[in-house]
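Single-structure report; data block below.
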2 protein chains.
Amino acid sequence: MTQAPAQHRGTRSRDAILDTAGELMSRHGYAATSISMISAACGLPVSSLYWHFGSKDGIYVAVLQRARTALLAALPPVEVPGADVAQRLDTFLDEVKDAFRRHPHGLKLLLGLGMVQQDASAAAVAEVHHYRDALLAWATDSVSAVFGLRDRPEVSDELARFTLRVASGTAVARWFEPGAALETGPLRVALLALAAHHGVAPHGARPEDPAGGVTGRE
Amino acid sequence: MTQAPAQHRGTRSRDAILDTAGELMSRHGYAATSISMISAACGLPVSSLYWHFGSKDGIYVAVLQRARTALLAALPPVEVPGADVAQRLDTFLDEVKDAFRRHPHGLKLLLGLGMVQQDASAAAVAEVHHYRDALLAWATDSVSAVFGLRDRPEVSDELARFTLRVASGTAVARWFEPGAALETGPLRVALLALAAHHGVAPHGARPEDPAGGVTGRE
DNA sequence: GTCTATACCCTGATAGAC
DNA sequence: GTCTATCAGGGTATAGAC
């Protein structure tokens, strides 16, 4: 405690500020969260916040960055184990639901701060887009692995976007019904139907001959 | 123009304030929209806003009320014409897509102001919930009419919630891809699959014998 | 790295002439 | 109903001692 306490205190303060700021901003939104609120809530004086992050916008960007890395780390790996599509889809949806349940702040930050892009700085806008792009890329890779869609990028794109819309819609519903979880049941049915609609058979292997599908080819 | 100009000017000013406030609040959110901004944008002095609405919160509630009535008036009637399910579903989705396209403010207000419920007044929170409840009730009645679900309320409830989630998710996606429209194609496939999953046949008549259980076949 | 004190501006809201 | 003028308070951000 005498060698390098300053540094330790520094990073600890930094984290404390980010914790409180993330909590408050995800609850009240960016504009409604004042520096003084954060200062009062985390106990550190206002100037410390400015020493660490330079501006309110700097805090916002740092909060977003941390939320993004945390959420992406919590998401299941892209390679989903399982013999057939149904099995892989089940594990995939279970893990998504779990990540969704355990990280309520992540999406809410993305929503709340994404909404006020107009006023935000260039760095903040870039970070918000980075966040959302990473989420979309992860979803695309995942559904591609689940359904075996390496050679059907347009299908995995559609399935991924659809999944994200249902997830964001649920995040929205969540501030009307606070306990609302991601309803994987209907989502599962919908994804299977969408895949079938594009001629992706509900088996483990990718269809070499998708002629049997509802829309054999497009 | 000499008999009752005061009244006319009054209601015209009122509308102008509401127009500007709705536009600004849907873009920047409630907290980031100041009385002075509204005043400058609509040309009327600050005190006029207070004379008409009493407080910033009063403006907010009035804006929400007007957006709700406008959006609900723009939504298609519950009784959808059409011989069979597929036909009714198509017209229904087309009209929803159209309303969604023509009234971008409505949902954004609901989202943006719904997010900051924590800080808002009781009247504002009540109005937000009223808004969302009306939307949900309309969606439930509509899908019930489309699929003929008068005796399966739990199914129409699920379909309506699913539709609303996709719609809100699209409204969210909209502030990343400004032109994004409601993708009725995938939604159509999903709703039909969900209905089938609950044993609702894709015909005009309601199924008298849904004994097939959860799904006709899986 | 952390604190106190403070500058400067804009906020929501009111008073009172017209 | 609309205007000008104004208040008290809180906002972001900075300076400088420790």
Side-chain angles (χ1 to χ4, degrees), chain A residues 1-21 24-25 27-63 113 116 118-124, chain B residues 1-22 24-25 27-64 113 116 118-124:
Chain A
M1 286 298 198
T2 45
Q3 290 296 66
Q7 245 187 11
H8 280 61
R9 280 215 312 191
T11 59
R12 275 210 349 204
S13 296
R14 218 190 113 94
D15 284 347
I17 295 168
L18 253 36
D19 284 341
T20 20
L24 291 173
M25 286 181 170
R27 277 230 302 267
H28 307 285
Y30 174 76
T33 306
S34 71
I35 301 273
S36 344
M37 279 170 62
I38 306 173
S39 160
C42 74
L44 273 63
V46 174
S47 350
S48 284
L49 311 199
Y50 281 100
W51 191 90
H52 281 286
F53 301 102
S55 67
K56 187 182 175 182
D57 194 85
I59 301 180
Y60 159 45
V61 173
V63 164
L113 305 181
V116 293
Q118 310 247 355
D119 322 277
S121 72
Chain B
M1 285 300 190
T2 44
Q3 292 295 66
Q7 248 188 9
H8 280 60
R9 281 212 314 189
T11 58
R12 275 208 352 204
S13 298
R14 217 190 114 96
D15 284 347
I17 294 168
L18 253 35
D19 284 341
T20 337
L24 290 174
M25 286 180 171
R27 276 229 302 268
H28 307 287
Y30 174 75
T33 305
S34 70
I35 299 272
S36 342
M37 280 171 61
I38 306 173
S39 159
C42 74
L44 273 62
V46 174
S47 343
S48 283
L49 311 198
Y50 282 101
W51 191 90
H52 280 287
F53 302 101
S55 69
K56 187 181 175 184
D57 194 85
I59 301 182
Y60 160 44
V61 173
V63 164
L64 268 181
L113 304 180
V116 293
Q118 311 247 356
D119 322 277
S121 71

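We use all heavy atoms of the structure for the numbers below, so side chains are in, but hydrogens, waters and symmetry mates are not. Note on naming: letters A, B, ... go to the chains in the order of the sequence lines (proteins, then strands), and numbering restarts at 1 for each one.
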If you restrict it to nitrogen or oxygen atoms, what contacts under 3.5 Å exist between nucleotides 7-10 of chain C and the protein, and what is each distance?
none

Checklist entry - Can you tell me how far C1' of D:dA13 sits from CD1 of A:Ile59, to the nearest Å? => result 11 Å

Checklist entry - What nucleotide, of D:dT12, C:dC3, C:dT14, holds the atom closest to the side chain of A:Tyr50? => result D:dT12

Checklist outcome for this item: note: A:Phe53, atom CZ; C:dT2, atom P; distance rounded to Å ~ 11 Å

Checklist entry - For the pair made of CE in A:Met37 and P in D:dG11, what is the distance, rounded to whole Å? => result 9 Å

Item to check | Under the side chain to side chain contact (heavy atoms under 4.5 Å, CB included) test, residues paired with B:Tyr50 that sit two or more places apart | outcome: B:Ile35, B:Val46

Checklist outcome for this item: Looking only at C:dC3, D:dA13, D:dT2, the nucleotide nearest the A:Pro45 side chain is C:dC3

Next on the checklist: Tell me the interatomic distance from A:Lys56, atom NZ, to D:dT12, atom P, rounded to whole angstroms.
Outcome noted: 5 Å

Checklist entry - Hey, does A:Ser39 reach any base, or is it just sugar-phosphate, or nothing, if we go heavy atoms under 4.0 Å? => result nothing

Next on the checklist: Of the listed nucleotides (C:dA13, C:dT2, D:dT2), which one gets closest to any side-chain atom of B:His52?
Outcome noted: D:dT2

Checklist entry - Looking at B:Ser13, does any N or O in its side chain come under 4.0 Å of the phosphate oxygens OP1/OP2 on D:dT2? => result yes

Please produce a list of atom pairs where a protein N or O lies less than 3.5 Å from an N or O of nucleotides 15-17 of chain C.
unit_1, atom_1, unit_2, atom_2, d
C:dA15, N6, B:Ser47, OG, 3.4

